[in-house]
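Before any comments, here is the structure.
Since the model is a prediction, treat every value here as computed from it, not as a measurement. We use all heavy atoms of the structure for the numbers below, so side chains are in, but hydrogens, waters and symmetry mates are not. Lettering follows sequence order; numbering is per chain, from 1.
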Amino acid sequence: MRRILVTSALPYANGSVHLGHLLEHIQTDIWVRFQRMRGHECIYVCADDTHGTATMLLAEQEGVGEEALIDRLHAEHLADFERFGISYNNYYSTHSDENQYFSNLIYTRLRDRGFVYTKDVEQLYDPERKMFLADRNVRGDCPRCGASNQPGDNCDSCGATYDARELKNPVSAISNATPILRNSDHYFVDLPKFTDFLREYIHNGSQQPEVANKLTEWIDGGLRGWDISRDAPYFGFPIPDADDKYFYVWMDAPIGYLASFKNWCTKNDVDFDEFWRADSTCEVHHFIGKDIINFHCLFWPSVLHHSDFRTPTKVHVHGMLTMNGEQMSKSRGTFVLASTYLDYFDPDYLRYYLAARLAPNSADLDLGSEDFVSRVNSDLVGKLVNIASRSEGFLAKHFDNTLASELAEPELWQEFVDEEERIAAWYEEGDTRRVVRRVMELADKCNQYLANKAPWQLIKDENRRDEVQGICSMGINLYRILIAYLKPIVPSLTQRSEEFLNAGDLTWENATQPLLSHRLNKFGRLLNRIELKTFNAMIEAGAQNTAVEDDSTSESESPHIEIDDFLNRASRGG
RNA sequence: GGCUACGUAGCUCAGCUGGUUAGAGCAUAGCAUUCAUAAUGCUAGGGUCGUUGGUUCAAGUCCAACCGUAGCUACCA
């Protein structure tokens, strides 16, 4: 039995769960459910990422304390994810004692080993709000093309990248005050010292090839020190032995994985160190989006390795979700919250669709409305569920819902059984696209078999009734093995099927044993078809739900962050 | 600008280390069927495999250039 710890990136506590988050958490959950189905120990933890300026400002805007804000969002996030069947063992928070403990521990270890240095940094400062301004919180004229009202790090108009200090006519996006330059000591992790370690680490099988490529690029370009401190006021953990300095949110965010797991270990009496000591033989898998590769594949393993923790076994990187070919964005009206989706569709539809498109790479994934509807209706209902539906009637009507005592077509059955190994390997790699394709090919094969045998003809002949039972029992058994193969992807459909099949929980092991002389439960509708207009209604509702927010931010004239930017970065990782 | 990935039928994609007339599903058309949630089965049309050049007995499959698309160019809560 393998011992596996799995994480999804930590959603940031400044907004609701949306389909972009779900892509990641569903992908993770499928992998986790597969591992558990195979009989491995698989602990899945996540948490809300709570610290930083954004939460601080949002709390202020809402007139509540940060802790009240993050508590509220934590409850919301967890409820949304749970309704999608995401099977965390623990969904915690980075604003926790455990997280502070590990942050301090890691920091002091790094510091004591000479991997931390301080440097004087000059930054824009908002004199009204008395706080330093991150690049994103400054707007001004582009130093190259002169376009007005550009963000502090790059120009949307001409694409130039620059330092916020170079902006002309800078304005604080928080208070509209004119920022001044001010100096402060910052704490840096000496990343360049980890160059050799990283060069080796990224080729140890922990990275997808295209990710390793990108990392090599960064490393070859020369690593720079990583600024891990922020000045007060800042919502976060104070840095030990420093005056009014706080850990930069991206420092303690990944540590949230440790904290969440530790919290779970305490409650379940599991040895944390078994998983995290440097020579652990357990596995650690992170699932993240490609936007946060640097944090998880450069900083995180470096920090872990140099503070006596093991490094991740594998980082699974996925691409971004687009809607009908466009970036998910509120202004384009292609933004759908998890809760909005649930007003219209069963989670299994989305889980199935995403699984049908996911491969072990970081390519972007498009959710196309017609494609979505067609795959659900053709594959799940028309092909798969249809097998059970068309077989069941005969058994119920003529055979007291009882399966034949032996397999009518052992070779056909064996063919389905023989796929087990390949399908498992695809799951393991994260190639659910192949899993789905193969299962649907088998479903086609099964429908062909039923069409050829035409039990609806045979039933008319009194002498051939036994054949009908045999054929339909094949149909049910084949349906059963196929739904078992898809169990990690469509848990609720599987559960309804298990009830109908009346033979307990499907496991990877028992799925390849046919049911013989077995009594089924009463058949109920397993899955409904969906309509394109429902999907369109959902998109429209999504646009309406979010239009309000757009207005409010533009009216205030001081959005702390462009709203679309928010979305792209809403799934950070912790 | 630099780097990376991708560009195969209307759509989503298979095509591994180069080797018979380029495949599947969906969509479309016709036929069959009616057990099944207007589901299923059979058949057909549809692609100069982004462009050009090269290596080779042989290239969608390797190389180069070009065109196009997307992304990255790390400290942003």
Tell me every residue that passes ring pair (Phe, Tyr, Trp, His ring centres under 6.0 Å) with A/Y234, counting only those two or more places apart in sequence or in another chain. none
Restricting to side chain to side chain contact (heavy atoms under 4.5 Å, CB included), what partner residues turn up for A/A451, sequence neighbours left out? none
Under the rule for side chain to side chain contact (heavy atoms under 4.5 Å, CB included), what residues qualify as partners of A/T534, not counting sequence neighbours? A/Y344, A/F345, A/E531
Can you give me the N/O atom pairs linking the protein to nucleotides 41-45 of chain B at distances under 3.5 Å, or say none if there are none?
none

Counting only heavy atoms and a strict 4.0 angstrom limit, can you tell me which residues of residues 62-71 of chain A come near RNA chain B? none
Requiring both pairing distances under 3.5 angstrom, list the stems that contain RNA chain B and are made of three or more consecutive Watson-Crick or G-U pairs. B:1-7 with B:67-73, B:10-13 with B:23-26, B:28-32 with B:40-44, B:50-54 with B:62-66
Applying side chain to side chain contact (heavy atoms under 4.5 Å, CB included), name anything that partners A/Q448, two or more places apart in sequence or on another chain. A/D444
Name every residue in residues 348-368 of chain A that has at least one heavy atom under 4.0 Å from any atom of RNA chain B, in order of residue number, or write none if there are no such residues. A/R357, A/D364
Can you sort out the partners of A/H316 under ring pair (Phe, Tyr, Trp, His ring centres under 6.0 Å), two or more places apart, ordered by chain and number? A/W31, A/H285, A/F287
When you compare the protein's N or O atoms with those of nucleotides 2-7 of chain B, which come within less than 3.5 Å of each other, and at what distance?
{"unit_1": "B/C3", "atom_1": "O2'", "unit_2": "A/E217", "atom_2": "OE1", "d": "2.3"}
{"unit_1": "B/C3", "atom_1": "O2'", "unit_2": "A/E217", "atom_2": "OE2", "d": "3.3"}

Residues that A/Y349 engages under ring pair (Phe, Tyr, Trp, His ring centres under 6.0 Å), provided they are two or more places apart: none
Residues which pass side chain to side chain contact (heavy atoms under 4.5 Å, CB included) with A/N183, listed by chain and number, not counting sequence neighbours: A/D120, A/E122
